[in-house]
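Structure, as structure tokens:
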Amino acid sequence: VQPGRDVDARRRVDAVEDVAGAGTLTVTEVGSRTAADLRLLGTGVVGGSGQQEIVSRNALIVDVAATDTLTGVAAKINSVGGTVRASVINSGAALNGFRLTLSSTLSGQAGRFVVDNGNLNLGFSTQETGQDAVLRVGSDPATGFLLNSSGNTFTNAPGNFDITLLAVGTTAANVSAARDNNKIAAAIESFVAAYNNYVDLSIGLTKYDTSTQTRSALQGTSTPLLIQARFNTLVNRVTGGDESTVRSLADAGVKLTTGGKLSFDSEKLTDALTRDPDAVRDLFTSTTNGFARDFDAALDYFNDDIDGTLTAQNESLQKTADSLTARIADIDRQLDGRRARLELQFAQMETILSGLQSQQQSLTGLSTILSNLKYNNSN
């Protein structure tokens, strides 16, 4: 890795291949974010020196004309993207009251940037310097430790707290928490309601109406049954050891009922939380076999944008529809050609018929003349 060899070397780092070979120059991370921070992740391309290189410089160029207004310059800066945004404010001053303001889209210390005036002396001044919020954990500065956040929110702080800072503190604050069984029950009840809505939708899309003898869009397809079987297996499964008091959703008040729907008993959940809250937590949120983890994996199995079952089936149906559309278009072309031939044949028959009618009229006239000649001869 070496500094860039252009004028802007301060803002550029190059990774250049110095050993000839058939492979491709590639930069990946190994236990850190150094390459990402230097914008060196990826594969190289052959540069002007004939060597493969990865250039980290990421410059956005704004071309300013002498006729541009301050508002126009701000619009150009915003249009090129990046993390800096420009706006124009009116300071109220009688002379040169309009000013250009630059701000970062990134919060905290990561949003800091430098305006290099060069020798132009544009008069920029710093109104606010981006900095991270700092949270000290522990009332004693000697034994406490600091946490940093680019915003004012700290997630998963010690004690599994999510903390939002509202103001600079001058004294230590004691934080305590208690389990809210009502919120837990409301979350599970919301899931049960959403699941039952899915079941109703699935039934509506797969039913056969005997009164009208009509089939729904997915009637007779196997995918809804496959999805239902997968979900039923997750709902009915038993996890954990024999010593655990909460090993299934039924132990937490959620069980499968008729028609594939779920029912929820909030009192049973409260009892389980009272007896063994950790077991209830693990039942839903365990990173190895928690219901939430496995249910989310099942949804990905069906809904993944790349290799999901429903995605594959949708692509297959789309290909079939495209094939049928192409076949219909081909048949239409054949019919158009046949119609053109029939119309041509009809026109030709009309021409022939017109000629025959003309000949018939001539023969009729000739017959009349012959009849007159015969009458005159007899006279």
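Quick note: numbers below take in every heavy atom, side chains included, and nothing from hydrogens, waters or symmetry partners.
Using a 4.5 Å cut-off on side-chain heavy atoms (C-beta onward), Thr206 and Leu225 make no contact. Under the 4.5 Å side-chain criterion, counting only non-hydrogen atoms from C-beta, Leu353 is not in contact with Met349. By the 4.5 Å heavy-atom criterion applied to side chains, Phe264 and Lys255 are not counted as neighbours. Two residues are said to be in side-chain contact when any heavy atoms from C-beta on lie closer than 4.5 Å; Thr71 and Phe98 fail this criterion. In this structure, Leu234 and Arg237 have side chains that are in contact, with non-hydrogen atoms separated by less than 4.5 Å. Leu256 is listed as a side-chain neighbour of Leu262, based on a closest heavy-atom distance under 4.5 Å. Under the 4.5 Å side-chain criterion, counting only non-hydrogen atoms from C-beta, Ser263 is not in contact with Lys261. Residues Ile331 and Leu335 are in side-chain contact: their nearest non-hydrogen atoms beyond the backbone lie under 4.5 Å apart.
Summarising the local packing, CG of Asp140 is surrounded by more than 12 heavy atoms from other residues, nucleotides or ligands at distances under 6.0 Å. Heavy-atom neighbours of Tyr208 OH from other residues, nucleotides or ligands within 6.0 Å: above the threshold of 12. In Gln334, the CD atom is crowded: over 12 heavy atoms of neighbouring residues, nucleotides or ligands sit closer than 6.0 Å. In the displayed structure, Phe161 atom CZ is contacted under 6.0 Å by more than 12 heavy atoms of other residues, nucleotides or ligands. No more than 12 heavy-atom neighbours from other residues, nucleotides or ligands sit within 6.0 angstrom of CZ on Arg99. When the shell of 6.0 Å around CG of Asn96 is examined, it contains 12 or fewer heavy atoms from other residues, nucleotides or ligands.
No side-chain N or O of Gln318 forms a donor-acceptor pair with one of Asn314 less than 3.5 Å apart.
Counting only residues at least two apart or in different chains, salt bridge (Lys or Arg N to Asp or Glu O under 4.0 Å) contacts with residues 71-84 comprise Asp68-Lys76.
Cluster partners of Val134 are Leu146, counting Ile, Leu, Val, Met, Phe, Trp and Tyr whose side-chain heavy atoms approach within less than 4.5 Å, directly or via other members.
Considering OG of Ser358 and CD of Gln360, their distance stands at 10.0 Å, rounded to 0.5 Å. The distance from the OG1 atom of Thr105 to the CZ atom of Phe113 is 10.0 Å, given to the nearest 0.5 Å. One distance of note links CG of Leu269 with CG of Asn181; it measures 7.0 Å at 0.5 Å rounding. Residue Lys207 holds its NZ atom at 6.0 Å from OG of Ser216, rounded to the nearest 0.5 Å. Distance check, rounded to the nearest 0.5 Å: OG1 of Thr311 to CD1 of Ile306 gives 9.0 Å. The CZ atom of Phe291 lies 11.0 Å from the OG atom of Ser248; values are rounded to the nearest 0.5 Å.
A pairwise comparison of heavy atoms in Val137 and Pro158 identifies CG1-CG, 4.2 Å as the closest pair. Of all heavy-atom pairs between Pro277 and Arg179, the closest is CB-NH1, 3.6 Å. Heavy-atom minimum distance, Ser107 versus Gly151: OG-N, 4.2 Å. Taking all atoms of both residues into account, the shortest heavy-atom contact from Asp209 to Ser211 is OD1-OG, 2.5 Å.
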Fill in: Stepwise side chain to side chain donor-acceptor pair (under 3.5 Å) check, Thr288 with Ser286
CA-CA 5 Å; Thr288 57; Ser286 171; 2.9 Å; yes

Practice prompt. Any chance you could lay out the side chain to side chain contact (heavy atoms under 4.5 Å, CB included) test for Phe284 and Phe191, step after step, and finish with the verdict?
Written response: CA-CA 12 Å; Phe284 287 99; Phe191 165 76; over 6 Å; no

Item to complete: Could you check Thr214 against Gln219 for side chain to side chain contact (heavy atoms under 4.5 Å, CB included), going step by step and ending with a plain yes or no?
Response: CA-CA 10 Å; Thr214 56; Gln219 202 278 327; over 6 Å; no

Discussion item. Asp251 vs Thr245, test: side chain to side chain contact (heavy atoms under 4.5 Å, CB included). Steps then yes/no.
Written reply: CA-CA 8 Å; Asp251 295 333; Thr245 60; over 6 Å; no

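Screening Val84, Leu102, Leu122 for a side chain to side chain contact (heavy atoms under 4.5 Å, CB included) with Val115, the sole residue that qualifies is Leu102.
Linking ILVMFWY side-chain heavy atoms closer than 4.5 Å, directly or via other members, places Phe124 and Leu70 in a single hydrophobic cluster. Leu317 and Ile227 end up in different hydrophobic clusters when Ile, Leu, Val, Met, Phe, Trp and Tyr side chains are linked at under 4.5 Å. Hydrophobic clustering (ILVMFWY, side-chain heavy atoms < 4.5 Å, transitive): Leu226 and Ile203 are in one cluster. Linking Ile, Leu, Val, Met, Phe, Trp and Tyr whenever their side-chain heavy atoms come within less than 4.5 Å puts Val88 and Val64 in one cluster. When hydrophobic clusters are built by joining Ile, Leu, Val, Met, Phe, Trp and Tyr residues whose side-chain heavy atoms come closer than 4.5 Å, directly or via intermediates, Leu310 is grouped together with Tyr198.
Salt-bridge check for Asp336 with Arg333: failed, with every basic side-chain N at 4.0 Å or more from each acidic carboxylate O. Asp330 and Arg327 are joined by a salt bridge, as a carboxylate oxygen and a charged side-chain nitrogen come within less than 4.0 angstrom of each other.
Note on ring orientation: taking the six-membered ring where Trp is involved, the planes of Phe231 and Tyr195 are tilted (angle from 30° to 60°).
Side chain of Ser316 to main chain of Ala312: no donor-acceptor pair is present (N/O by atom type, distance under 3.5 Å, no hydrogens or angles). For the pair Arg112 (side chain) and Val114 (backbone), a donor-acceptor distance under 3.5 Å is absent.
Applying the ring-ring contact (aromatic ring centres under 6.0 Å, His included) criterion to Phe154, with sequence neighbours excluded, gives no partner residue.
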